[in-house]
Amino acid sequence: MFTIKKVFALFCFLPLLINAQGVSDALRLAETQLGSGARALGMGNSYIGVSDDFSAIVNNPAGLGLVKRFELSTGIEYNSFTNSTSFMNSNTKFDKTKTNLSQIGFVYPLPTVQGSLVFAAGYSQIANFNKVIKYDGYNSGNTSMIQDLTSKNDDITYDLGLSYGVFSGGSWLHDETLIKGKLNQSAEIIQSGSINQYSIGGAMEVARNLFVGLTFNIQSGTFKQTKDYYEDDIYDVYGASLETNPGDASTKDFETFNLFDQIDWDLSGYNFQFGMMYVLENRARIGLNIKLPTVYTIKEKYFVDSYAVFGNSKVYIPEAMESEIEYEVTTPFEFGIGGSIPILKNLLLSGQISFIDYGQTEYTSGLDATSKAANNRNIASDLKGVANINIGAEYSFIPQNLRFRGGFILMPSPYVADNESKFDKKYFTFGFGYLIEQMVAIDVAYIHGWWSDYGDSYTTGGSRYEQEIQYDNILCTVSYRF
């Protein structure tokens, strides 16, 4: 009977655990990220209607046509992610920092009789997956990860002696567990990685003051998530008189359950980006940016290990479970329109709005037909279209070659269920720039963001944690123009 249950679970229920793809994984690739240029970021990334330096290759390639001199630029950033998590009336604060190269590129204007023809190429970091979650609290309810896995007839709790098979007439029916909640639950979830983009693009003036541009982007990157989850019987609810696997004395006096899982991605992708820019007679600018869907190929490795501690024994699952899979995710179109207008001769104001329908994100290949259809249905029902709003300003002290900047970014939550404004990402940005001998530009930007989020330890509910997130980033860009 044991063999019958084991074989059935291996082929029918194990995929429930090791299938790591879902709505949040697709959204991780599709969600709009912050930029890599310090001047743009200092102005709240409101740059579609400005875009007159290397950052245009990401924000609006048509703006490259406004560049009149050769430009070589590089940037570095420092990022801090702080998460204060509330769980079962207990608060835990955890943070994670990262320093990395944000961009390096060049812009080359070709000599023309009239108009302009400009090419650019370079590297930008377009996504940063630096994130942490940590929580620890006593769940007095009657739910647990052990019960959740058992309800799915998962082999892990069975192998650890935390559940047992129910049989009828020699046939295995399902698993049950004597664990009924009342456990301390804790976890540490750490995410890292980034998406790097390598771009080549160009722009030209097709009519007086009308510029068009095109960029071809190749993406590569990594993502890694480790989750170390514990359930502990801190009040000895399941004491020495209880065998979690009836008839097996080694399962007396349950103390601890641990589940460790790790996701590793190697990802690659490509897309095209199209832009237009029109310069009005008063030097105001109107810009349009269209980012075509990105096709990402993900090579995923998933690893699971687990153990349980009893009064006189520690039991590991017979073999850690590993899976490898390759699949594709296609992100939606992104449309943005923006403008800038000079006020007097010292103040530049800019604004833009970008629309993206996250519900059109899709798993396009690599998964079996059933999993792909289920994931895409969940994406369409759980995610919605949003309009991101960016505003910015720049004030120039012309004789001193000094500029001060400020901006605001509003990025509404893409989840249908997030109907409160606290789930929207909000950022204030500040920055300054200094031009040395009309050739070397040094730009620095600081951004502070905050929003709320939540998550569940397992799928059957009863173990939700609330998050208050703060995001801080310092970005420095140096450009040489001649």
Side-chain angles (χ1 to χ4, degrees), residues 35-47 49-78 99-125 199 201-203 205 209 211 213 277 279 282-285 340-350 392-407 429-447 473-482:
S36 60
R39 185 188 179 207
L41 191 61
M43 297 178 67
N45 265 354
S46 178
Y47 219 57
V50 180
S51 292
D52 52 8
D53 56 21
F54 171 72
S55 295
I57 206 167
V58 174
N59 294 282
N60 181 1
L64 293 171
L66 300 170
V67 179
K68 303 302 181 184
R69 294 189 295 171
F70 179 89
E71 177 184 326
L72 179 64
S73 67
T74 187
I76 190 169
E77 69 173 347
Y78 170 82
T99 302
N100 57 268
L101 186 70
S102 66
Q103 72 174 35
I104 183 168
F106 72 91
V107 184
Y108 184 69
L110 293 177
T112 57
V113 176
Q114 61 181 11
S116 68
L117 178 62
V118 182
F119 293 97
Y123 153 88
S124 305
Q125 184 181 99
S199 307
E205 189 174 6
N209 292 332
F211 302 84
M277 178 85 76
V279 181
N282 64 349
R283 295 187 295 119
R285 301 172 186 174
S340 65
I341 183 169
I343 305 297
L344 301 175
K345 61 185 297 186
N346 295 80
L347 180 63
L348 179 67
L349 303 179
S350 64
E394 178 181 72
Y395 187 84
S396 301
F397 295 89
I398 295 176
Q400 292 82 18
N401 292 324
L402 184 63
R403 300 173 178 178
F404 285 96
R405 307 177 181 111
T429 72
F430 308 92
F432 68 89
Y434 186 70
L435 185 62
I436 303 174
E437 299 295 333
Q438 301 299 315
M439 295 182 67
V440 178
I442 300 174
D443 296 293
V444 177
Y446 168 72
I447 181 170
N473 194 27
I474 299 174
L475 177 61
C476 179
T477 304
V478 179
S479 302
Y480 178 61
R481 300 161 185 165
F482 58 92

Tell me, please, which residues at least two apart from [X] pass side-chain contact (heavy atoms from CB on, under 4.5 Å).
X	result
S350	M43, S46, V50, S340
L117	L110, T112, F119, M204
S199	I57, Q197, T215, N217
Y395	N346, L347, F397

What distance separates [X] [atom1] from [Y] [atom2], expressed to the nearest 0.5 Å?
X	Y	atom1	atom2	answer
F430	I447	CZ	CD1	10.0 Å
Y123	S102	OH	OG	7.5 Å
I341	L348	CD1	CG	9.5 Å
R39	N59	CZ	CG	11.0 Å
Y434	F404	OH	CZ	11.5 Å
S55	N60	OG	CG	12.0 Å

Test item: [X] and [Y] side chains (from C-beta on) under 4.5 Å apart, heavy atoms:
X	Y	result
K68	V118	no
L64	V107	yes
E77	I474	no

(message) Enumerate the salt bridge (charged side-chain N to carboxylate O under 4.0 Å, His left out) contacts for residues 434-445, please, sequence neighbours excluded, ordered by first and then second residue.
(response) R405-D443
(request) Would you confirm whether Y480, through its side chain, and A441, through its main-chain N or O, come within 3.5 Å as a donor-acceptor pair? (result)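 No, because the side chain of Y480 does not come within donor-acceptor range (under 3.5 Å) of the backbone of A441.
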(request) Examine distances only and state if a side-chain atom of T74 and a backbone atom of Q103 form a donor-acceptor pair shorter than 3.5 Å. (result)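 Checked: pair present.
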(request) Taking all heavy atoms of F54 and all of A121, pick out the closest pair and write down the distance. (result) CE1-O, 3.5 Å
(request) For residues C476 and V444, report the shortest heavy-atom separation together with the two atoms involved. (result) SG-CG2, 4.1 Å
(message) Between Y108 and F106 (judged by ring centroids, cut-off 6.0 Å), do the two rings come close enough to count as a pair?
(response) no
(message) Checking E205 now: which residues fulfil salt bridge (charged side-chain N to carboxylate O under 4.0 Å, His left out) with it, not counting sequence neighbours?
(response) none
